[in-house]
Amino acid sequence: MSKKFASQADLEEKKVSFDKLSDNAYAYTAEGDPNTGIVIGDDAVLVADTQATPVMAQDVIRRIREVTDKPVKYVVLTHYHAVRVLGASGYRPQQIIASQDTYDLIVERGEQDRKSEIERFPRLFRAVESVPGLTWPTLTFKGEMTLWLGKLEVKLLQLGRGHTKGDTVVWLPQQKILFSGDLVEYEATPYAGDAYFEDWPATLDAIAALQPEKLVPGRGAALTTPEQVQAGLAGTRAFVSELYATVKEGARAGKDLRAVYRETYDRLKPQYGQWVIFDHCMPFDVTRAYDLATGHRDPRIWTAERDKEMWQALEG
Ligand SMILES: [Zn+2]
């Protein structure tokens, strides 16, 4: 029997953890579902990635209210994906901040991405009718931006492309705590349907060069020691590198996408098959890698229709 499309068969609710990393930083994680980072400054709260709907954001807000009554002033989008940004309105922030590259992706493909992501993973869009529309940044930057939440320094850094072209990390230099978005995953499969495989390892090097002592990945548990941070970076790097090397080899040998997909799936399954959303991500990841290896420098836009056609071609 063929596999059910993407994560349409994934219906089991995950258990949420709200972990304190320092007096100023918390991680909202849920067993491999998309994470949200929380930074509490002297006078305001910053939220990094929002959850998928305003209704789902209420659970994050409830936990924030257990530790502070300061207002949520800033929402930072680490990148443009619907599952991380469409809950933004739930926080009623003063500013929604993203890199200019992320803004450009929302203009170019935000609408298609929203429709595609909702169909891929309905469970993650609980109360999807509460989403008022696309989330538009109110403040954009190129390269780097610093926010001062009172005496707490918060840096927003574009360290390079990887998961998308707009990837931004949130960095607390005084405490060496980093929120990576989907550039780093932990025991969760990196989604690479919009990725720049050739840039991603160098971007991970740039994260490592900051020497974070704690890191909140895009999915998976908060990493709370330098050793765990290293493991998260190494695992993500190994997956991305092995996948791209395998696909490139097949493409160079003149094999078609379906053949390369089977080969890559079989090669990676023993090592990474237990990571969450492995079966969901692999068709998208291999398709993007194959495109890149055959001359599509930038990711082609995923639409709900293209998603299904690709799935049928590779898994049907
Ligand atoms: Zn993403």
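Order of listing sets the numbers, starting from 1, for every ligand and every atom in it.
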### Task
Apply ring pair (Phe, Tyr, Trp, His ring centres under 6.0 Å) to the pair Tyr272 and Trp275, showing each step before the final yes or no.
CA-CA 6 Å; Tyr272 305 106; Trp275 284 359; 4.8 Å; yes
#### Entry: Where the Zn ion (ligand 1) is the vertex, angle from His79 NE2 to His163 NE2 to 10°
100°
### Message
Can you check the angle at the Zn ion (ligand 1) formed by ND1 of His81 and OD2 of Asp182? Round it to the nearest 10°.
### Response
170°
### Task
Indicate, with yes or no, if the rings of Tyr103 and Trp136 have centres closer together than 6.0 Å.
yes
### Query
Should the pair Tyr191 and His81 be assigned to parallel (<30°), tilted (30 to 60°) or perpendicular (>60°) ring geometry?
perpendicular
### Message
Closer than 4.0 angstrom, basic N to acidic O: yes or no for Asp59 and Arg62?
### Response
yes
#### Entry: N, O or S of Asp194 under 2.8 Å from the Zn ion (ligand 1)
no
